[in-house]
Amino acid sequence: MFEKNLRPFLLYIIVVVVVMVGMATVILPLITDYKKIIVIITLTGSAVVFFVLMYHIYDKYIKPVRSAAQVAEQLVNGNYKARTYETFFGDAGKLTTAVNILARSLQEMSLQEKMQENQLRTVIDHMESGLLLIDDKGYVHLVNRKFLSIFGGEKQDYFGYLYYEVLKQEVVHRVVQEAFLYEEMVKNSFTTAIEIEQKYIEIVGAPVVHETNELRGVVLVFHDITELKKLEQMRKDFVANVSHELKTPITSIRGFAETLLDGAMDSDELRSQFLSIILKESERLQILIHDLLELSKLDKVDLKLQRETVDVKQLVEEILPIADQQAKDKEIELSLSFDDDTVIQGDSDRLKQVFINLINNAISYTPVGGSVQVLVENRNDVLDFSVKDTGIGIPEEAIPRIFERFYRVDKARSRNTGGTGLGLAIVKHIVELHEGKIYVDSVHEKGTTFRISFPKHI
Ligand code: ADP
């Protein structure tokens with residue numbers, strides 16, 4: 001019924017009332033009526049003074065101390081929001097102020113701890129590498145998002161399980177065992193298929209050692225090194241391809257030179273025939289080396305384009321004499337069509353290279369009697385440059401690969417036309433440097449259209 005804090009105060013009042021009533025019952029029968037009045041007034045007065053004094057003690061000391069004790073209890077139970085009302089009277093005042101300061105500090109500390117925990121969790125979850133924490137008994141305690149994307153499943157499929165129950169890869173088991181055994185960092189790698197794609201994963205296992213030098217578990221980090229492996233493979237392929245491409249003309253030049261020296265040079269006919277082969281092969285070498293150097297220049301990270309205002313129509317007209325001659329040699333009808341205003345921002349020498357390569361390819365891969373059409377079309381924010389031919393076309397499955405270095409649909413045919421297999425790789429590179437896009441539309445044995453969209457304002 002009464003507030004809990006008021007109970008002791010009421011108890012004191014009852015005790016005082018009982019004592020006063022007791023004293024009155026003992027004293028009053030012994031004295032005269034006149035003295036009785038004085039005694040009653042004195043007892044009542046002292047009771048009132050006593051009540052006031054008690055109330056003061058209760059209000060200024062007992063009540064704040066009890067409230068502080070209750071708040072301390074709440075703090076112990078983890079409720080850092082609890083506060084006691086503050087009095088400013090003596091030691092009890094100091095106590096309530098201190099308890100509130102303590103509560104505020106605890107609340108702030110717990111808030112900071114929570115924030116740090118959240119930050120740590122966010123960092124762990126957004127790491128580019130997979131993470132797995134195993135305790136000293138081999139039970140999984142932590143996995144992050146990247147780990148799940150590599151191994152699949154949900155967090156609860158791993159938490160609380162022994163690592164060898166949930167991870168099938170032998171190599172992972174070995175890393176864990178060696179990290180426990182040697183108490184030092186262990187590295188290894190394995191391949192796994194994620195959604196039909198083969199992935200290369202590097203594992204680094206490190207022991208988790210407590211301050212007291214006690215081994216507490218092992219942390220495993222999984223790096224996806226697929227891109228790195230691909231790059232390494234590309235570099236190896238590139239070196240092998242370059243060596244192969246250089247070897248063919250050099251072998252031929254050497255062979256014919258040796259044959260000439262062995263006596264063939266005495267025959268006018270053979271000499272002239274072999275020397276023209278040597279000349280042709282050395283020209284091939286020169287073109288190949290030129291293309292390789294061009295690609296290596298384009299590969300440079302700090303490459304700066306010589307940007308200027310260029311008129312695409314004018315550039316195409318500048319290369320026309322060579323293209324015309326090639327077309328005439330193969331009886332191919334070469335036609336041009338230009339919209340008005342064909343100006344873009346770009347590097348004129350490099351753009352010329354793009355146009356030469358595409359027109360050259362169109363003529364090379366179109367049989368005698370076919371046609372090649374060059375179109376420059378103005379479309380709002382972009383300028384489209386297209387080369388359409390009625391040539392041999394490109395099989396659908398080969399289209400994604402034609403921009404790769406040294407990729408050719410038909411190796412012998414490309415070599416016969418003097419191709420290096422690098423032309424389209426150079427084109428793609430230059431177009432990307434101009435922030436343009438390249439599209440291929442081809443029907444096998446019917447013809448091909450290459451279209452490049454150049455943004456006008458960059
Ligand atoms: P290449 O020097 O062999 O022409 P490219 O990089 O220019 O090398 O082209 C790569 C391959 O793409 C060519 O070998 C050819 O098979 C195919 N290709 C390119 N352009 C055309 C085209 N217009 N028509 C048919 N095939 C083409």
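Residues take their numbers from the sequence shown, with the count starting at 1. For ligands, and for the atoms within them, numbers begin at 1 and follow the listed sequence.
Ring geometry, His173 versus Tyr163: the interplanar angle exceeds 60°, so the pair is classed perpendicular (tilted spans 30 to 60°).
Of all atoms in ligand 1, numbered sequentially from 1 with element shown, those under 4.0 Å from a heavy atom of Ile402 are 10 (C), 12 (O). Numbered from 1 in the order shown, with element, the atoms of ligand 1 that lie under 4.0 Å from a heavy atom of Thr420 read 2 (O). In the vicinity of Arg408, heavy-atom distances shorter than 4.0 Å reach the ligand 1 atoms 3 (O), 14 (O). Listed by number with element, the atoms of ligand 1 under 4.0 angstrom from any heavy atom of Tyr407 are 10 (C), 11 (C). Every atom of ligand 1 with a heavy atom of Ile394 under 4.0 Å away is listed here by number and element: 25 (C), 26 (N), 27 (C).
With salt bridges taken as basic N to acidic carboxylate O contacts below 4.0 Å, none links Arg235 and Glu232. A salt bridge does not link Asp136 with Arg216: none of the charged nitrogens is closer than 4.0 Å to a carboxylate oxygen. The pair Lys155-Asp125 meets the salt-bridge criterion, since a charged nitrogen lies less than 4.0 angstrom from a carboxylate oxygen. Taking the charged nitrogens against the carboxylate oxygens, Glu432 and Lys437 have no contact shorter than 4.0 Å, which rules out a salt bridge. Salt-bridge annotation for Arg121 and Glu117: present, with a side-chain N of the basic residue lying under 4.0 Å from a carboxylate O of the acidic one. A salt bridge is absent between Glu283 and Lys280: the closest approach of a Lys/Arg side-chain nitrogen to an acidic carboxylate oxygen does not fall below 4.0 angstrom.
The nearest heavy-atom contact from the protein to atom 7 (O) of ligand 1 is Asn361 ND2, 2.8 Å. Protein heavy atom nearest atom 23 (N) of ligand 1, with residue, atom name and distance: Asp389 OD2, 2.9 Å. Nearest to atom 3 (O) of ligand 1 among the protein's heavy atoms is Ser414 OG, 2.5 Å.
Stacking of Arg451 on the aromatic ring of Phe385 is not recorded, the 6.0 Å distance cut-off and the 45° axial limit not both being met.
Between atom 2 (O) of ligand 1 and the options Pro395, Gly423, Gly421, Ser364, the minimum heavy-atom separation is to Gly421. With atom 9 (O) of ligand 1 as the reference point, the heavy atom nearest to it among Leu424, Leu422, Thr390, Ile426 is part of Leu424. For atom 18 (N) of ligand 1, the choice among Phe406, Tyr365, Phe403 with the nearest heavy atom turns out to be Tyr365.
The shortest heavy-atom distance from Gly393 to ligand 1 is under 4.0 Å. Within the structure, the closest approach of Phe450 to ligand 1 falls below 4.0 Å when heavy atoms are considered.
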**Test side chain to side chain donor-acceptor pair (under 3.5 Å) applied to Asn378 and Lys456, step by step** = CA-CA 10 Å; Asn378 202 339; Lys456 284 192 198 159; 2.3 Å; yes
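Here Val409 has heavy atoms under 4.0 Å from ligand 1 in both its backbone and its side chain. Heavy atoms of Val387 found under 4.0 angstrom from ligand 1: none, in either backbone or side chain.
Between the side chains of His434 and Asp347, no donor-acceptor pair of N or O atoms lies under 3.5 Å.
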